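One structure is given below, encoded as structure tokens.
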Amino acid sequence: MNVTIDRKILSRPASGPTEETVLAVTHYTDFLFSFRLSRPAGFRFRSGEFVMLGLEVDGKPLMRAYSIASPNWDEELEFFSIKVPDGPLTSRLQGVKPGDKVLLGRKPVGTLVLDALKPGKNLYLFSTGTGFAPFASVIRDPETYDKFERVIVTHTCREAAELDYSKWTVGKMMEHEFLGELADGKLYYFESVTREPYFRNGRITTFIENGTLFETLGLPPLDAEGDRAMICGSTAMIRDVRALLVTAGLTEGSNAMPAEFVVEKAFVG
Ligand code: A2P
């Protein structure tokens with residue numbers, strides 16, 4: 001009997017990263033880009049989770065946590081990253097081209113998942129900067145529209161160009177034959193900019209506090225009965241949005257104990 005042995009597979013420990021191929025790269029600004037990778041067979045995740053990702057540097061894997069921006073049904077994996085000029089990983093990762101290899105961890109995890117929320121009517125997804133990445137996954141998952149009547153995704157950035165990825169993602173999904181129909185009339189996109197003129201200027205916390213968010217969407221103020229939320233951004237943003245949700249009577253949940261909202265810090269990349 002002739003048995004062919006794949007030496008590459010044998011030489012890699014089963015718990016270590018797999019080597020995936022870069023399929024596409026899009027640069028949005030000097031600081032932001034997204035890329036798509038091949039998805040290994042058997043790589044399962046829940047929309048909203050993150051995974052370790054990186055490159056081999058000096059013969060060793062250099063890995064960071066990255067939210068998976070694609071939904072769990074996608075044949076490819078999408079990631080959204082900042083470019084830190086002297087960042088050990090992102091300074092290198094920003095240079096990847098289609099055909100290059102990237103290391104991918106085997107175990108996606110995270111709290112920004114539908115399973116960690118109790119059933120509700122409206123799902124608010126509050127993000128700043130690269131914190132939009134897990135929500136790019138959640139808003140493209142049909143299960144989200146099965147579970148919620150309305151899905152409100154907010155994205156606030158310093159400059160307008162940083163909104164390109166969320167705008168593009170939302171626009172593209174509304175054109176998608178199946179997803180577009182599911183999300184039609186259910187998905188609301190509320191974007192704002194804080195450090196240059198834009199049609200809507202201000203932090204999301206301000207728009208929650210002064211009611212602009214709810215007036216714009218034609219929705220009642222936050223309430224624990226029907227509203228559920230996920231928060232992803234900087235430590236300060238999470239702290240302040242969390243405080244507003246707690247004031248509205250919502251409690252924080254987790255995979256082990258689903259409740260009214262869940263939180264995860266946006267990864268630096
Ligand atoms: P601002 O420009 O007013 O600081 P960062 O790059 O610092 O993470 O910021 C991304 C976006 O998040 C910016 O628009 C920033 O607004 C906003 N932001 C920063 N801190 C908070 C906070 N504590 N609450 C709400 N939004 C915040």
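Numbering of ligands and ligand atoms starts at 1, following listing order. What you are looking at is a predicted structure, and each value in this text was computed from that prediction instead of being measured. Residue numbers run from 1 in the order of the sequence given.
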Between T156 and S192, does any side-chain donor sit less than 3.5 Å from a side-chain acceptor? yes

Which pairs count as ring pair (Phe, Tyr, Trp, His ring centres under 6.0 Å) when at least one residue sits in residues 139-163, sequence neighbours excluded? F132-H155

Ligand 1: which residues have a non-hydrogen atom closer than 4.0 Å? T128, T156, C157, R158, T194, R195, R203, T205, S234, A236, M237, D240

Rounded to the nearest 0.5 Å, how far apart are OH of Y124 and CG of D227? 5.0 Å

Does the ring of F135 carry R140 above it, NZ/CZ under 6.0 angstrom from centre and within 45° of its axis? no

Suppose the criterion is salt bridge (charged side-chain N to carboxylate O under 4.0 Å, His left out): which pairs have a residue in residues 37-50, not counting sequence neighbours? R46-E49, R46-D115

Sorted by first residue and then second, give each salt bridge (charged side-chain N to carboxylate O under 4.0 Å, His left out) pair with at least one member in residues 237-258; sequence neighbours left out. R242-E252

